[in-house]
2 protein chains.
Amino acid sequence: MQKNQLYKGSLSTIVLKLLNDKGKMYGYQITREVEQITTGELVITEGALYPTLHKLEAKGLLSVEIKTVNNRPRKYYFLTENGKEETLNLLNEMKSFIQNMDVLLNPKLA
Amino acid sequence: MQKNQLYKGSLSTIVLKLLNDKGKMYGYQITREVEQITTGELVITEGALYPTLHKLEAKGLLSVEIKTVNNRPRKYYFLTENGKEETLNLLNEMKSFIQNMDVLLNPKLA
DNA sequence: ATCTCATACCTAAGATTCTTAGGCAATATG
DNA sequence: CATATTGCCTAAGAATCTTAGGTATGAGAT
């Protein structure tokens with residue numbers, strides 16, 4: 001997603017949370033949205049995104065709806081029920097991760 | 001480091017920051033320390049730690065000092081000058097990562 | 001008319017990081 | 001004497017991402 005290795009592992013969480021909030025989105029739109037929200041700091045490459053979308057669909061967390069717009073097909077993804085549950089799990093894991101990073105990297109001087 | 005993929009990429013940051021604060025530590029001690037600080041939530045496996053220590057040493061960020069204690073050798077690692085600089089860089093990257101996760105995952109409802 | 005850019009999808013080889021599953025050795029404990 | 005703890009290590013494989021392509025439509029510029 002950039003030179004920073006920390007983002008590795010966070011892509012599914014980001015995608016699911018976006019879909020949770022926006023209802024449905026297509027791949028290209030997700031890359032634009034993330035870039036805009038982070039003011040260009042996080043750029044999701046398509047080589048990372050599309051395999052991730054396919055994986056989440058294969059796991060039953062996403063469903064697809066194809067719409068043709070401007071004579072080009074768009075694949076709109078949206079959360080299944082399992083996807084909504086998993087989104088909550090992943091958000092909790094992210095909270096836990098950030099808390100653990102906080103105690104590790106910002107220790108209270110005993 | 002556990003089932004949670006989010007920790008992927010954070011190990012070097014954790015190790016460098018610990019050494020920055022404690023001065024010098026040996027591998028086994030690092031695993032105990034992290035487990036204790038996070039109350040068992042984060043367990044660093046030795047299969048991840050030792051290759052990382054060797055990589056950081058090869059990059060010139062760490063130096064080693066071998067001491068024999070209880071008739072067993074310990075390899076104490078400590079930061080080089082480059083290691084101190086890189087620690088600051090990685091801590092800044094972690095801050096940036098957490099900020100970007102915040103805007104992505106906790107959006108202010110426009 | 002052709003060139004380039006933005007849109008919109010995709011895959012595959014390789015890099016990086018970690019897990020899993022071992023191996024070796026000394027000391028302490030039951 | 002068997003097991004747990006300490007303390008080091010490696011190697012095969014999994015998971016995630018980067019890099020570097022490919023395909024195609026439509027709009028705007030030269």
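Note on naming: letters A, B, ... go to the chains in the order of the sequence lines (proteins, then strands), and numbering restarts at 1 for each one. As the structure is a prediction and not an experimental result, all values here were calculated from the model. These numbers come from the heavy atoms of this one structure, side chains and all, not from hydrogens, waters or symmetry mates.
When the P atom of C/dT17 is taken as reference, atom NZ of B/Lys59 falls 7 Å away, rounded to whole Å. Rounded to whole angstrom, the span from the CD atom of B/Glu57 across to the P atom of D/dC9 amounts to 9 Å. At whole-Å resolution of the value, CD in A/Glu33 and C1' in C/dA8 are 17 Å apart. Note: CZ (A/Arg72) to P (C/dT7) measures 9 Å, nearest angstrom. The CE atom of B/Met25 sits 12 Å away from the P atom of D/dG7 (whole-angstrom rounding). Atom CG in A/Leu49 sits roughly 13 Å away from atom C1' in D/dT16 (whole-Å rounding). Taking atom CG on A/Asn71 and atom P on C/dA8, their separation rounds to 13 Å, with Å as the unit. Distance, B/Leu53 CG to D/dC9 C1': 12 Å, rounded to whole Å.
The shortest side-chain heavy-atom distance between B/Pro107 and A/Ile37 does not fall under the 4.5 Å cut-off.
Put simply, A/Tyr26 has a side-chain N or O that comes within less than 4.0 Å of OP1 or OP2 on C/dA8. Put simply, B/Tyr50 has no side-chain N or O that comes within less than 4.0 Å of OP1 or OP2 on D/dC9. The phosphate of D/dC8 (OP1 or OP2) has no side-chain N or O of B/His54 nearer than 4.0 angstrom.
DNA chain C is contacted by both A/Val69 and A/Gly47; A/Val69 maps to the nucleotide lying nearer its 5′ end (nearest heavy atom per residue). Position along DNA chain C of the nearest nucleotide to A/Pro51 versus B/Lys55 favours A/Pro51 as the more 5'-ward residue.
Within the 4.0 angstrom heavy-atom criterion, only backbone atoms of the sugar-phosphate kind lie near A/Arg74; the bases stay farther away. Among the protein residues, A/Glu46 comes within range of the nucleic acid bases, having at least one heavy atom under 4.0 Å from a base atom. Here A/Ser10 lies in heavy-atom contact (under 4.0 Å) with sugar-phosphate atoms only. At the heavy-atom level, B/Gly9 lies under 4.0 Å from the strands shown only through sugar-phosphate atoms.
Summarising the geometry, atom CD1 belonging to B/Ile98 is positioned 8.5 Å from atom CG belonging to A/Leu6; distances are rounded to the nearest 0.5 Å.
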**Q.** Audit row: A/Ser12, B/Gln5, side chain to side chain contact (heavy atoms under 4.5 Å, CB included) steps and yes/no
**A.** CA-CA 10 Å; A/Ser12 293; B/Gln5 294 285 357; over 6 Å; no

Q: Begin with the C-alpha distance, continue with both residues' side-chain angles, and end with the deciding distance and a verdict on side chain to side chain contact (heavy atoms under 4.5 Å, CB included) for A/Lys17 and A/Asp21.
A: CA-CA 6 Å; A/Lys17 170 63 172 168; A/Asp21 292 354; 3.3 Å; yes

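Listed nucleotides: D/dC9, C/dC9, D/dT16. Nearest to the side chain of B/Lys75: D/dC9. For A/Arg32, whose side chain is taken as the heavy atoms from C-beta onward, the closest listed nucleotide among D/dT19, C/dT7, C/dC10 is C/dT7.
Put simply, the residue from B/Glu86, B/Glu93, B/Glu85 that forms a side chain to side chain donor-acceptor pair (under 3.5 Å) with B/Asn89 is B/Glu86.
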